[in-house]
Student: 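A single structure is presented below for examination.
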Amino acid sequence: MDFYEKESVAIVGESGSGKSVLTKAFSGMLEANGSISAGSIEFEGQDLAKLKGARAWNRIRGGKIATVFQDPMTSLNPVLTIGAQITAVIRAHQGCSAAEARRRALQIMEKVGISDAARRFDDYPFRYSGGMRQRIVIAIALSCQPRVLICDEPTTALDVTIQAQILRLIKDLQKEFGYTIIFITHDLGVVANIADRVAVLYAGQIVELATTEELFYDPRHPYTWALLSSLPQLAAADGELYAITGTPPSLYSPIQGDAFAPRNPYALKIDTLLEPPLFSVSPTHFAKTWLLDPRAPKVQPPEAIRQLHEKLKASAGGEVFGT
Amino acid sequence: MAHEDREVLLSLKNVDISYGKGKPKVVKNVSFDIFRGETFSLVGESGSGKTTIGRAIIRVNSCSAGEILFRGQRISGKLSREQERQVVRHIQMVFQDPGASLNERATVEYIVSEGLYNFHLYENEEDRRRKVERIIGQVGLLPEHLSRYPHEFSGGQRQRIGLARAMVMEPELVIADEPISALDVSIRAQVLNLMKQFQRQQGVTYLFIAHDLSVVRFISDRIGVIYKGEIVEIAEAEELFAHPMHPYTRSLISAIPIPDPLLEKNKKLLRYDPAIHDYSVDKPYLEDIGNGHFVFGNAAELEEYRLCRGRGDAPPLKTPPPACEEPIVPSKQGGRTLAKKLALGVGATVAAAAAALGILLLLAIV
């Protein structure tokens with residue numbers, strides 16, 4: 001798939017579906033026993049899959065492609081001050097003087113909404129709240145003006161109110177810095193908030209790729225249907241939630257046919273035999289399911305997720321959307 | 001309303017909790033009732049004291065003031081050994097992290113039967129085995145899983161074991177402390193459905209502690225919203241979402257991401273700033289504004305909430321007296337920034353006054 005300049009792409013899927021592994025591949029952070037076994041990753045005309053060694057990666061990672069991780073406590077060093085951690089990154093990548101690095105660090109701290117940055121510059125991470133720490137991590141990631149910002153579930157560990165602030169911050173700063181966002185999450189609400197396009201990952205493969213509107217209002221893959229159906233907002237009146245049966249397949253054993261077939265109530269016979277290709281629904285919308293084959297029977301998506309917009313509008317109430 | 005004729009199973013009365021004598025209270029004057037057979041949820045951000053309340057009920061934390069009643073009897077403070085055992089027997093807990101809350105050196109069979117052993121809730125070995133197998137089947141696991149160890153299971157399965165361990169005791173109250181936060185979206189629904197099923201079959205009462213309002217709405221009968229150790233609003237789930245009154249509740253609801261791009265991208269975020277309340281003279285308290293909808297506020301605010309609820313519309317959004325753009329200052333320096341903002345506010349007023357004067361002068365000249 002392609003990522004364009006200044007767009008936001010969300011990658012959704014269950015744990016173990018390969019979302020994090022995918023992004024680690026293009027920041028050179030795969031585990032020691034992981035390798036890119038096939039294919040290429042092109043970035044600014046360079047094939048990242050062929051990059052070898054830490055030195056080559058260091059020019060890309062941090063400087064051009066930066067990552068914000070899920071847990072801000074574990075991604076910050078507890079025994080270094082906030083200021084030291086930001087300036088270290090700036091000096092490593094931009095090779096400027098300590099005083100200049102400090103000036104830039106303070107600037108970026110103000111940008112991510114740390115009021116009184118000069119006074120908080122020499123504080124240690126434990127004096128910051130979870131939301132503030134995540135702002136610092138974002139500040140570090142943005143300190144070198146990367147072209148791509150990978151956000152690996154950056155708000156999962158945060159409270160909803162803080163989450164909303166961080167999402168807004170990432171979007172606002174995108175307007176200013178013009179980076180591309182790759183946002184990994186399993187929360188479809190967050191996807192709706194931040195993404196222009198969405199890739200749904202299942203068992204290590206993209207099963208559906210679409211613009212956010214297409215994915216929510218015209219989903220085509222049964223797995224996407226299942227994900228949408230399990231939204232608590234669409235629960236039946238008796239409170240029963242839709243649950244996807246079974247568990248994701250183990251990727252250690254080879255999968256025959258469609259990986260989702262054993263859990264798919266819409267599975268066709270061919271799904272157990274042959275892996276479906278990626279069918280194109282529109283120039284921006286692709287899904288990997290045999291249901292899109294012209295020979296397949298016509299199947300309607302489940303009742304629950306049709307007219308999604310109307311249903312959610314009714315349940316959300318008027319207040320939030322008042323002008 | 002319908003509440004009066006329902007049996008109160010658990011009742012907190014003016015409970016204060018602090019960690020250590022003389023330390024600040026983390027839970028302040030909390031009172032609420034939980035009725036038999038319902039699901040009551042406590043919602044609030046991290047550090048608001050919701051888990052502390054849950055732990056106080058099972059006597060892990062002690063209350064520094066107030067009391068907790070279970071089936072009409074006091075279960076807080078000093079109790080006899082026997083009374084203490086009864087609390088453990090009838091109130092069970094399900095924890096957030098199913099990995100950390102199961103003994104990794106014990107088999108599933110032992111984990112599930114431990115409570116039965118402690119209270120001799122079985123007639124003979126065969127009866128215990130039968131009970132364990134039945135419960136493990138109800139949570140969707142197989143009898144052969146009983147001889148395995150927790151690490152052999154996935155997160156969702158471990159949470160089922162945690163649930164089985166609680167439910168095998170046939171408790172009257174289960175305190176579920178963020179039981180689904182650590183689980184994947186698709187697994188969440190399975191665990192929640194299971195909890196609902198136990199409620200239908202055994203009539204168990206749940207105290208559900210969570211920070212995720214979107215899930216809570218659909219599983220709770222009533223919801224209590226807690227902010228910095230104080231309950232700010234209690235209402236039935238639909239009532240709370242349709243007519244949230246307290247500004248904190250409203251900001252919390254507005255922050256829930258809506259899985260709909262058109263709505264989510266155009267949504268208005270409400271921010272809560274405690275500075276909008278003026279409690280210097282008129283002290284706030286929690287009061288029913290009708291229909292079992294409790295809101296925390298002072299007399300004037302409550303009057304306004306009551307009027308708005310009567311008309312069915314939302315109370316007007318208040319802005320704090322001086323201009324406050326960023327209420328997200330960490331508590332440690334809250335005072336100082338507020339002072340700064342006050343100064344800014346004064347500055348702004350002076351500027352505005354000067355501008356007005358200028359205009360007047362201009363008019364006069366013309």
Side-chain angles (χ1 to χ4, degrees), chain A residues 14-16 113 115-116 119-120 127-132 158-165 167-168 186-193 195 212-213 215-217 226-228 230-233 235 238-245 247-248 308-309 311-313 315-323, chain B residues 39 44-48 154-157 183-193 196 211-219 241-244 250-272 313-314 326 328-333 336-337 340:
Chain A
E14 285 170 83
S15 21
S115 47
D116 215 357
R119 222 169 51 81
R120 309 224 64 194
R127 303 192 70 164
Y128 282 64
S129 66
M132 283 295 175
L158 304 175
D159 286 323
V160 270
T161 40
I162 313 292
Q163 164 171 294
Q165 293 168 9
L167 289 179
R168 178 182 281 181
H186 61 251
D187 187 335
L188 288 169
V190 173
V191 173
N193 180 300
T212 309
E213 272 79 14
L215 191 95
F216 279 88
Y217 305 134
L227 278 184
L228 287 169
S230 57
L231 288 171
Q233 283 86 343
D238 61 352
E240 193 79 6
L241 298 171
Y242 177 86
I244 308 174
T245 50
T247 47
L308 186 79
H309 183 59
K311 279 176 196 159
L312 288 174
K313 203 166 178 178
S315 90
E319 183 184 15
V320 185
F321 311 103
T323 39
Chain B
T39 303
E45 57 196 80
S46 41
S48 59
S154 68
Q157 285 174 318
L183 303 179
D184 234 16
V185 246
S186 59
I187 312 294
R188 272 180 197 185
Q190 296 175 4
V191 172
L192 287 176
N193 285 344
K196 265 259 161 356
H211 69 264
D212 184 352
L213 263 174
S214 64
V215 171
V216 161
R217 174 180 189 178
F218 299 95
I219 55 162
F241 274 84
H243 305 286
R250 291 168 67 191
S251 80
L252 212 54
I253 291 177
S254 85
I256 306 172
I258 310 161
D260 179 316
L262 287 181
L263 297 182
E264 177 67 18
K265 289 200 165 103
N266 298 316
K267 135 179 122 165
K268 198 174 65 179
L269 261 183
L270 305 176
R271 273 192 178 172
Y272 176 57
D313 48 45
E326 285 283 280
I328 34 166
V329 276
S331 49
K332 158 179 161 286
Q333 54 166 51
R336 173 186 279 230
T337 353
K340 210 167 163 193

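Proteins come first, then strands; the chains are lettered A, B, ... in the order of their sequence lines, and each starts at number 1. None of the values given here were measured: they were computed from a predicted structure.
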Student: Heavy atoms only, distances under 4.5 angstrom: which of B:Leu192, B:Leu213, B:Val215, B:Asp260 has the most pairs with chain A? Name it, please.
Tutor: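 Looking at each option in turn, the highest pair count goes to B:Asp260.
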
Student: How many angstroms lie between atom CG of B:Leu270 and atom OG1 of A:Thr161, to the nearest 0.5 angstrom?
Tutor: 12.0 Å

Student: Can you tell me how far CD1 of B:Ile256 sits from CG of A:Asn193, rounded to the nearest 0.5 angstrom?
Tutor: 13.0 Å

Student: Taking side-chain contact (heavy atoms from CB on, under 4.5 Å) as the definition, give me every residue that meets it alongside A:Ala192, ordered by chain and number, with sequence neighbours left out.
Tutor: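 Once residues adjacent in sequence are excluded, the partners of A:Ala192 under the side-chain contact (heavy atoms from CB on, under 4.5 Å) criterion are A:Phe216, B:Pro261, B:Glu264.
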
Student: Between A:Gln163 and B:Pro257, which heavy-atom pair has the shortest distance, and what is it?
Tutor: NE2-CG, 3.1 Å

Student: Between NE2 of A:His186 and CZ of B:Arg188, what distance do you get to the nearest 0.5 Å?
Tutor: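 One finds 5.0 Å between NE2 of A:His186 and CZ of B:Arg188.
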
Student: Roughly how far apart are B:Ile258 CD1 and A:Leu231 CG, rounded to 0.5 Å?
Tutor: 12.0 Å

Student: Roughly how far, to the nearest 0.5 Å, is CD1 of A:Ile162 from CD of B:Glu45?
Tutor: 6.0 Å

Student: Using heavy-atom distances under 4.5 Å, tell me whether A:Ala226 contacts chain B through its side chain, its backbone, both, or neither.
Tutor: neither

Student: Could you tell me which residues satisfy side-chain contact (heavy atoms from CB on, under 4.5 Å) with B:His243, sequence neighbours excluded, listed by chain and number?
Tutor: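 Residues passing side-chain contact (heavy atoms from CB on, under 4.5 Å) with B:His243: B:Glu239, B:Met245, B:Arg309.
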
Student: Using non-hydrogen atoms and a 4.5 Å limit, figure out which bit of B:Leu252 sits close to chain A: side chain, backbone, both or neither.
Tutor: both

